[in-house]
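Read through the structure below, which is laid out as structure tokens, and then see the notes.
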Amino acid sequence: MLVQLNDPQIQYCGRIDWADAGKPEFIFPATSMQFCFFGSKAKLTVSNRHVCWDNYVGAIVDGVQKTWKLQEEGKTELVLVDEERERRHKVLFFKRMDCAHEMKLESLELSEGGYLVKPLPVPERKIEVYGDSVSAGEVSEALDYVGKEDPVHNGEYSNSWYSYAWILARKLHAQLHDIAQGGIPLLRGTGWVAPPDYPGMEDMWDKLHYHPQLGRVENWDFSRYTPHLVLVAIGQNDNHPQDYMKEDPQGARARRWKETYKQFVGQIREKYPRAVILLMTTILEHDKNWDAAIDEVCGSLGDERIRHFLFTRNGCGTSGHIRITEAEEMADELADYIQALPFDVWEES
């Protein structure tokens, strides 16, 4: 039995492209679809557009996490549920990786006589994150490398479910839009993304499609999602190929970075006049001058609902990517800080 992918009983979360009616396209990490059904089988078919790495997707099926590797291009069939007897099932299907690929959901098929059932309520709280590989959960499953450099890999360890961003959203019972890309800096022409284009968050933050190697750049409609809480977790990748903030924190390049960062935060404030905005980096090793620059900008804004947050082990926690235990540590600290703020983060404008 085929189910229409735009059925109102299917819940979606994330910046999703609905241009092809009934075939949603997932771009960002932690983008998800969730549904409950009665039956014995469920099969999802997706088509992939590959950029780099091997591309993996995930699902939580009746409380058990599953992973599939996609074909680099074209369609892949994913067997979500395959049982003999009919019963109620809950499925959360999600994009594990950043724009290492984009994928379109082509069809959802249930066993004969199967049917969707009423889903659980969607959380009213909303979070949005602007970040890099740490926010995307890149290499988070490399559990033997806690506090160490990354192992050799080809995408198999990356999982947005274990990013601090999604762990935090689950702790706070909130929806999440995770606008995160591994290697992204603030300023174009630096960082690690898509050489020789090297886009920055200044190019990406307001886009639906943004990766130059896919040949599509489209703006996002901000009226579709208004967060209560925004995390801005960038700056670490601006030190490549030169760590100018470390070498000359008052120099021309450092001043330009701070001016652009201030403009960027101001643009977010224009989109979301009442949101709480936390400015931060992560526990991944980086020079403290980047955090000092963020603190300087934050102080100059004079906005009570824009704050600079530092982790206990900020900038010195690990030389590799953030593993699951470290992401949980970060999410715990953030949750405690957010819950202790002297105003209602979740108030409606």
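The figures that follow rest on heavy atoms only: side chains count, while hydrogens, waters and symmetry mates do not.
Looking at His228 and Glu348, their side chains do bring a donor and an acceptor atom within 3.5 Å of each other. Residues Ser135 and Tyr164 bring a donor and an acceptor atom of their side chains to less than 3.5 Å of each other. Inspection of the Asn159 and Glu141 side chains reveals an N or O donor paired with an N or O acceptor under 3.5 Å. Tyr130 and Glu128 are linked by a side-chain donor-acceptor pair at a separation below 3.5 angstrom, with hydrogens and angles left out of the test.
In this structure, the side chain of Asp197 does not engage the main chain of Pro199 through any donor-acceptor pair within 3.5 Å. Distance alone, capped at 3.5 Å, places no donor-acceptor pair between the Arg253 side chain and the Asp243 backbone. Distance alone, capped at 3.5 Å, is enough to place a donor-acceptor pair between the Ser158 side chain and the Val139 backbone. For Arg49 (side chain) and Glu73 (main-chain N/O), no donor-acceptor pair under 3.5 Å exists by modelled atom type. Looking only at distances, no side-chain donor or acceptor of Glu77 sits under 3.5 Å from a matching main-chain atom of Thr45. With hydrogens and angles disregarded, a donor-acceptor distance shorter than 3.5 Å links the side chain of Lys95 to the backbone of Asp98. Looking only at distances, no side-chain donor or acceptor of Glu106 sits under 3.5 Å from a matching main-chain atom of Lys23. At distances below 3.5 Å, at least one donor-acceptor pair connects side-chain atoms of Arg96 with backbone N or O atoms of Glu156. In terms of modelled atom types and a separation under 3.5 Å, the side chain of Gln236 and the main chain of His286 share no donor-acceptor contact. Side-chain atoms of Asp295 never come within 3.5 Å of backbone atoms of Ala292 as a donor-acceptor pair (strictly under, hydrogens ignored).
Partner of Tyr162 under the side-chain hydrogen bond (donor to acceptor under 3.5 Å, both in side chains) criterion, out of Gln65, Arg323, Glu326: Gln65 alone. Just one residue in the list Arg274, Lys262, Arg269 forms a salt bridge (charged side-chain N to carboxylate O under 4.0 Å, His left out) with Asp303, and that residue is Arg269. Of the residues listed (Tyr56, Phe28, Trp161), the one engaging Phe94 in a ring-ring contact (aromatic ring centres under 6.0 Å, His included) is Trp161, and it is the only one.
The pair Glu347-Arg305 meets the salt-bridge criterion, since a charged nitrogen lies less than 4.0 angstrom from a carboxylate oxygen. A salt bridge between Arg255 and Glu259 is absent, with no side-chain N of the basic residue lying under 4.0 Å from a carboxylate O of the acidic one.
Residues meeting the ring-ring contact (aromatic ring centres under 6.0 Å, His included) test with Tyr145, sequence neighbours left out: none. Applying the side chain to side chain donor-acceptor pair (under 3.5 Å) rule to Glu25 yields the partners Arg216; only residues at least two apart in sequence or on another chain are considered.
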Pair Asp206, Asn219 - check side chain to side chain donor-acceptor pair (under 3.5 Å), show working. CA-CA 6 Å; Asp206 59 350; Asn219 291 333; 6.0 Å; no
Before you tell me yes or no, could you show the steps for Trp220 and Tyr210 under ring-ring contact (aromatic ring centres under 6.0 Å, His included), namely the whole-Å CA-CA distance, both residues' side-chain angles and the distance that decides it to 0.1 Å? CA-CA 10 Å; Trp220 167 246; Tyr210 62 91; over 10 Å; no
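A ring-centre distance under 6.0 Å is found for Tyr12 and Trp18. Remark: aromatic rings of Trp53 and His153 are close, center separation under 6.0 Å. Trp290 has its ring centre less than 6.0 Å from the ring centre of Tyr244. Between Phe264 and Trp257, the gap from one ring centroid to the other reaches at least 6.0 Å.
Taking every heavy atom of both residues into account, Leu105 and Leu5 meet most closely at O-CD1, 3.4 Å.
Taken to the nearest 0.5 Å, the CG atom of Leu176 stands 8.5 Å off from the CG atom of Leu231. Ile234 CD1 to Ile294 CD1: the interatomic distance, rounded to the nearest 0.5 Å, is 8.0 Å.
Applying the 6.0 Å contact sphere to NZ of Lys66 captures more than 12 heavy atoms from other residues, nucleotides or ligands. Counted within 6.0 Å of CZ on Arg224, heavy atoms from surrounding residues, nucleotides or ligands total more than 12; the atom is thus considered enclosed. At most 12 heavy atoms of other shown residues, nucleotides or ligands fall within 6.0 angstrom of atom NZ in Lys288. No more than 12 heavy atoms of other residues, nucleotides or ligands sit less than 6.0 Å from atom CD of Gln4. At most 12 heavy atoms of other shown residues, nucleotides or ligands fall within 6.0 angstrom of atom CD in Glu124.
Between Lys104 and Asp17 the shortest side-chain heavy-atom distance does not fall below 4.5 Å.
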Can you list, pair by pair, the side-chain donor-acceptor contacts under 3.5 Å of residues 185-194, counting residues two or more places apart and other chains?
{"from": "Arg188", "atom 1": "NE", "to": "Asp203", "atom 2": "OD1", "distance (Å)": "2.9"}
{"from": "Arg188", "atom 1": "NE", "to": "Asp203", "atom 2": "OD2", "distance (Å)": "3.3"}
{"from": "Arg188", "atom 1": "NH2", "to": "Asp203", "atom 2": "OD1", "distance (Å)": "2.7"}
{"from": "Thr190", "atom 1": "OG1", "to": "Leu187", "atom 2": "O", "distance (Å)": "2.8"}

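Under the 4.5 Å side-chain heavy-atom criterion for grouping Ile, Leu, Val, Met, Phe, Trp and Tyr, Ile179 is not connected to Tyr198 through any hydrophobic cluster.
Because its NZ or CZ atom is not both nearer than 6.0 Å to the ring centre of Tyr225 and within 45° of the ring axis, Arg15 does not count as a cation-pi partner of that residue.
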